[in-house]
Amino acid sequence: MSRKILVLDTTLRDGEQVPGAKLNLYEKLELAHQLKALNVDIIEAGFPASSQGDFNAVKEIVASIGKDRTITALARAVKNDIDAVYQSIKYAKNPLIHIVLGTSSVHVEKKFNRSKDEVLEMGVSAVKYAKTLLPDVQYSTEDASRSDFEYLWKTIEAVVKAGATMINIPDTVGYAVPEEFGELVKKINYRLKNMNDKVILSVHCHNDTGLATANTLIAIKNGADKIECTINGLGERAGNAALEEVVMGLKLRAEYYNAYTNIVTKEICKASRLVSNLTGLDIQVNKAITGDNAFAHSSGIHQDGLLKSRDVYEVISPEDVGVENMEIILTARSGHHAFKSAAEKIGCKFKDDESFEYLFNKFLELADVKKEVYDHDIYYLIEKYSNEKALANNAGNQFEGIDLYELISFQVVSNDIFPTATVKMKKGKEIIINSSVGDGPIDALYSAIKNIVGLDIDLKEYKINSMSRGKEALGRVSIRIGYNNQKIYSARAMDTDVIKASALAFINGINSIILEN
Ligand code: KIV
Ligand code: ZN
């Protein structure tokens, strides 16, 4: 009988650990809703002990979607972390405490500087304590793939006896190779199921040598009941196993694996674009399943074959992952109905008539400038609108009394001797103007903005992309800025005027710094 594989998505925890991929509360909630639409079984919402912001975000996610979804959050094997997880997830319908502790010699000796028995005891005590709070506890044997097998098994046996209901085998540093990892999972599964067949066996693979998807799939073949992954493979270093790859790989070869997931695959493309848009991290064009070229056929021989029958060169149909073939191009003459159906086709829902009218007018303004409006434009228009609303709510509720910067106007002169910029900005009731020169127009622009805000910030990365086709395409500027030589913040903005988008992205980043600090 085909086995159901549980899918845990950790984009909001492992994914969000990526420098610069930090999301604000509203972005996290938006992503959590999309994960729900994808129908992932478990959402790892964060690492609550890491900061008050993370704690609050996990709580909000639970309040928003925790009634019909299992929510977990990460804790080290210490009381404070476990308490923070419990306090943040306790109102979910199925809360799950996730404890992580290393089992490899490098972790035991170098990270903890303790004996193996002492570390094992820490893990057992942590599980026992977590069990006094909630019935479901997952234990992750960090760096399992580099651990001595007998010590790894001794740990698993002890934590299961202490009450762990899920055992997660992480390939923390992407060291595993498929054949060996499959054997490891098979051996653990055999012993585990003999010991207690109710305990769920899970894997969590990193992609340091590009094997995360392969290792996850081989683990399923060898008995894993649950997989952990992220959208677009986001995560520490080279990232985690990409949800879209594992899920579609399994779906394509369901008979070979004799397993399936309950993921709503038509939501994959939307989830992937959303994560890319929220984090500012682009998707590689040839990325499996969700890259722009994943379903593009360029060679004449391939095109000829496809025209005869799609299955000649296509094993996955684009519609299955939510990639629409037919794009309707809108213009300023497109009416309410055309705009609504184009927006709904790419998965946007309107909260009420007022939001719809507001967006329709924004669409008309854009169509006047751009002439042709594509799916991408509508998507970003809606994203931009939601972000503006979120920021207003942010300022209005959580951060009452904090004034944020707004751009009023700017002028940039580009030449090869003295590029200059003058910027007029507003903060609360104060209007501030500054002019500056720079090595180029963006440098001059950013220098004037920096003079106005007076914060110790420096630009680490600047990227500009065209978001759609046509001469008047929307430009999206993504930046990363360092604050006080410590933290990195990322921000984005878009506009048909790329200089304005550059200024807005920088100001968005500055406002994030202000809100967080
Ligand atoms: O990579 C890892 O080991 C982890 C654990 C917390 C599961 O992220
Ligand atoms: Zn990880």
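Quick note: numbers below take in every heavy atom, side chains included, and nothing from hydrogens, waters or symmetry partners. Every number for a ligand or one of its atoms is a count from 1 in the order of the listing.
- The nearest N/O/S atom of H206 to the Zn ion (ligand 2) is NE2.
- Rounding to the nearest 0.5 angstrom, the gap separating the NZ atom in K67 from the CZ atom in R69 is 13.0 Å.
- In this structure, E142 contributes its side chain and I169 its backbone to no donor-acceptor pair below 3.5 Å.
- Within a 6.0 Å sphere centred on OH of Y175, other residues, nucleotides and ligands contribute 12 heavy atoms or fewer.
- The V100 neighbourhood of ligand 1 comprises atoms 5 (C), 6 (C), with distances under 4.0 Å to a heavy atom of that residue.
- N39 contributes a side-chain N or O that, together with a main-chain N or O of N262, makes up a donor-acceptor pair within less than 3.5 Å.
- Looking at N168 next to ligand 1, no N or O pair under 3.5 Å apart turns up.
- Looking at R13 against ligand 1, only its side chain comes within 4.0 Å, counting heavy atoms.
- Close approach to D14 involves these atoms of ligand 1, each under 4.0 Å from a residue heavy atom: 8 (O).
- Taking the N/O/S atoms of H204 in turn, the shortest distance to the Zn ion (ligand 2) belongs to NE2.
- Residue-ligand proximity, E142 to ligand 1, at heavy-atom distances under 4.0 Å covers atoms 3 (O).
- Backbone and side-chain nitrogen or oxygen atoms of T172 are examined, and one is located within less than 3.5 angstrom of a nitrogen or oxygen of ligand 1.
- Here's the thing with H206: one of its N/O atoms is less than 3.5 angstrom from an N/O atom of ligand 1.
- Using a 4.0 Å cut-off between charged side-chain N and carboxylate O, K116 and E109 make no salt bridge.
- For the ligand labelled ligand 1, residue E236 lies outside the 4.0 Å heavy-atom shell.
- In this structure, the side chain of E461 does not engage the main chain of I481 through any donor-acceptor pair within 3.5 Å.
- Side-chain N/O atoms of D171 and H204 include no donor and acceptor closer than 3.5 Å.
- Given atom 7 (C) of ligand 1, the protein heavy atom at minimum distance is S140 OG, 3.6 Å.
- At a 4.0 Å heavy-atom cut-off, ligand 1 does not touch D143 at all.
- Using cut-offs of 30° and 60° on the angle between ring planes, the pair Y462 and Y446 is perpendicular.
- For N113, the CG atom is loosely surrounded, since the number of other residues' heavy atoms within 6.0 Å does not exceed 12.
- Of the candidates H204, R237, Q17, H204 brings a heavy atom nearest to atom 2 (C) of ligand 1.
- Shortest distance from the Zn ion (ligand 2) to D14 is reached at OD2 (N/O/S atoms only).
- Between the side chain of S125 and the main chain of E121, a donor-acceptor pair closer than 3.5 Å is present.
- Numbered from 1 in the order shown, with element, the atoms of ligand 1 that lie under 4.0 Å from a heavy atom of P170 read 3 (O).
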